[in-house]
K.L.:
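Below are the C-alpha cells for one structure; questions will follow.
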Amino acid sequence: MTRKSKDVYFLEIADLVSSRSTCIRNQVGAVIVKESQILSTGYNGAPKGLPHCEDVGCIRNEMGVKPGERHELCRGLHAEQNAIIQAAYHGVSVRDAVIYCTTRPCSICTKMIINAGIREIVYIEEYKDELAGQLVKEAGLTLRHVDVPRSYGRNSNSD
C-alpha cells in the first residue's frame, strides 16, 4: 500500500469539506493546516443562521453575473474566508500555516490569507484572477498546484 502525501491527504479533506457547500454555482472547500494538524475548515455558503442560496436562489444567477465577477453580490462567504473566520472565532492562530483549497483563491481571499499570516496556498483547480496572482507574488507567498481528482461538491459552473 502506498501512503498518500500530506498534500494529497489535506486536499482530499478539503474536497470532502466542499460537500457541505450550499452554493448553487460552485462548491469549494478549504483546510488550514499547521505542523501537520488541521486548525480549521471552511466551505462556501451563507453566513451562520441565514438562508442559503440553495434555499432562496442565487442572486448572481438571477442577475446573469459571470463567474469571477461581482463577488459582492453573493450572499455567501468563500471557503477560505470561512476557514479563517472559524479559526479566529475559536481563538486559533493561523500564522505560518498552509491553506489547502479545492480552488485557487480569488483576490479577496488572497488578501485575507496574506493578512492572516498564512504562508502557503496549495490548491487543486485553477481560478483565473490576475490580481490574486500579483498579490501572491508581492507578498512572497508560496503557491502550489497539486493534481488531485475531486470526488465531492463539484459543479460545472465555475465561480
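Only this structure's heavy atoms are used, side chains among them; waters, hydrogens and symmetry mates stay out.
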K.L.:
Could you tell me if the side chain of Val92 sits less than 4.5 Å from the side chain of Ser40, heavy atoms only?
P.N.:
no
K.L.:
Please step through side chain to side chain contact (heavy atoms under 4.5 Å, CB included) for the pair Val122 and Ile99, ending with a clear verdict.
P.N.:
CA-CA 6 Å; Val122 183; Ile99 188 163; over 6 Å; no
K.L.:
Indicate yes or no: does Arg104 engage Asp129 in a salt bridge with an N to O separation below 4.0 Å.
P.N.:
no
K.L.:
Counting only heavy atoms from other residues, nucleotides and ligands, does the tally under 6.0 Å from CZ of Arg75 exceed 12?
P.N.:
yes
K.L.:
Is the shortest distance from a Lys or Arg side-chain nitrogen in Glu12 or Lys4 to a carboxylate oxygen in the other one below 4.0 Å?
P.N.:
yes
K.L.:
So, are Arg70 and Glu72 salt-bridged, with charged N and O less than 4.0 Å apart?
P.N.:
yes
K.L.:
If we ignore angles and hydrogens, is there a donor and acceptor under 3.5 Å between the side chains of Tyr100 and Asp7?
P.N.:
yes
K.L.:
Check the angle between the aromatic planes of His78 and His71 and answer parallel, tilted or perpendicular using the 30° and 60° thresholds.
P.N.:
perpendicular
K.L.:
Between Thr102 and Asp15, is any side-chain donor less than 3.5 angstrom from a side-chain acceptor?
P.N.:
no
K.L.:
Are side-chain heavy atoms of Thr110 and Ile108 found at a separation under 4.5 Å?
P.N.:
no
K.L.:
Look at atom CD of Glu35 and say whether more than 12 heavy atoms of other residues, nucleotides or ligands are closer to it than 6.0 Å.
P.N.:
no
K.L.:
Is it true that Asp96 and Arg119 make a salt bridge, defined as a side-chain N closer than 4.0 Å to a carboxylate O?
P.N.:
no
K.L.:
Can you list the residues that meet the ring-ring contact (aromatic ring centres under 6.0 Å, His included) rule with Tyr123, with sequence neighbours excluded?
P.N.:
His145
K.L.:
Say whether Glu130 and Gln134, considering side chains only, have a donor N or O and an acceptor N or O under 3.5 Å apart.
P.N.:
no
K.L.:
Just wondering, are more than 12 heavy atoms of other shown residues or ligands nearer than 6.0 Å to CD in Glu62?
P.N.:
yes
K.L.:
Does any N or O in the side chain of Asn44 come within less than 3.5 Å of the main-chain N or O of Leu77, such that one atom is a donor and the other an acceptor?
P.N.:
no
K.L.:
Check the side chains of Arg150 and Ser18 for a donor-acceptor pair under 3.5 angstrom, ignoring hydrogens and angles.
P.N.:
yes
K.L.:
Please check if the side chain of Thr22 supplies one atom and the backbone of Glu54 the other of a donor-acceptor pair under 3.5 Å.
P.N.:
no
